[in-house]
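We number each residue from 1, following the sequence as shown.
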Amino acid sequence: MTVVESVKDAVGLGHHGGVTEGGPKIQATREEMSAARLPLAYRDSCAHLLIPLNKCRYDNYYMAWRCMVRIPNLWREVEGDCQLVILMRPQDERHSYEKCQYDEFKLRVKKMDEIRAEKGGARSN
């Protein structure tokens with residue numbers, strides 16, 4: 001366990017068993033991150049999205065509109081009636097990565113608010 005992982009576990013941001021509040025979380029291994037040559041600052045819980053994004057960027061000369069990932073669209077309107085079906089619609093890989101980063105930020109803020117509440121609102125700085 002690295003220092004960063006032990007600090008995350010100490011403040012409650014570590015991923016216990018690969019599962020977070022939002023459900024199962026796919027993690028990139030250290031070997032995958034190293035093989036993808038990710039800078040240390042980007043080796044976080046969203047690295048599993050950044051690795052294919054960077055590969056797509058490299059392969060397509062940074063033409064962002066070519067980097068799409070297929071995600072399910074659950075609703076479709078058929079003759080004025082909405083039916084639950086699984087359709088695949090494209091989503092920007094960059095958007096997926098940035099949403100992951102934002103969700104992680106919200107978790108950190110929530111945890112910091114909990115820590116502050118335990119201290120009676122006192123700030124650490």
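- Met33 places a side-chain heavy atom less than 4.5 Å from the side chain of Ile51.
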Show your working on salt bridge (charged side-chain N to carboxylate O under 4.0 Å, His left out) between Asp113 and Lys110 and close with a plain yes or no. CA-CA 5 Å; Asp113 289 342; Lys110 180 180 172 186; over 6 Å; no

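- In this structure, the side chain of Arg43 engages the main chain of Leu38 through a donor-acceptor pair within 3.5 Å.
- Separation of atoms CD (Glu31) and OG1 (Thr29) is listed at 4.5 Å; rounding is to 0.5 Å.
- The distance from atom OH of Tyr62 to atom SG of Cys56, rounded to the nearest 0.5 Å, is 10.5 Å.
- In this structure, CZ in Arg37 is found 9.5 Å from OH in Tyr58, a value given to the nearest 0.5 Å.
- The distance from the CD atom of Gln101 to the OH atom of Tyr42 is 8.5 Å, given to the nearest 0.5 Å.
- Counting all heavy atoms, side chain and backbone alike, Tyr97 lies closest to Leu50 at CE1-CB, 3.6 Å.
- What you find for Leu49 and Cys100 is that their closest heavy atoms are CD1-CB, 3.6 Å.
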List the steps and the verdict of side chain to side chain contact (heavy atoms under 4.5 Å, CB included) for Leu107 and Lys111. CA-CA 6 Å; Leu107 283 175; Lys111 188 61 182 176; over 6 Å; no

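- Rounded to the nearest 0.5 Å, atoms CG (Asp103) and CD (Glu98) are 12.0 Å apart.
- In summary, Arg108 and Glu104 do not engage in a salt bridge, as defined by a charged side-chain N under 4.0 Å from a carboxylate O.
- Atoms NZ and CG, from Lys55 and Asn60 in turn, are 9.0 Å apart once rounded to the nearest 0.5 Å.
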Determine, stepwise, if the pair Asn54 / Arg57 fulfils side chain to side chain contact (heavy atoms under 4.5 Å, CB included). CA-CA 5 Å; Asn54 281 347; Arg57 285 172 170 169; 3.2 Å; yes

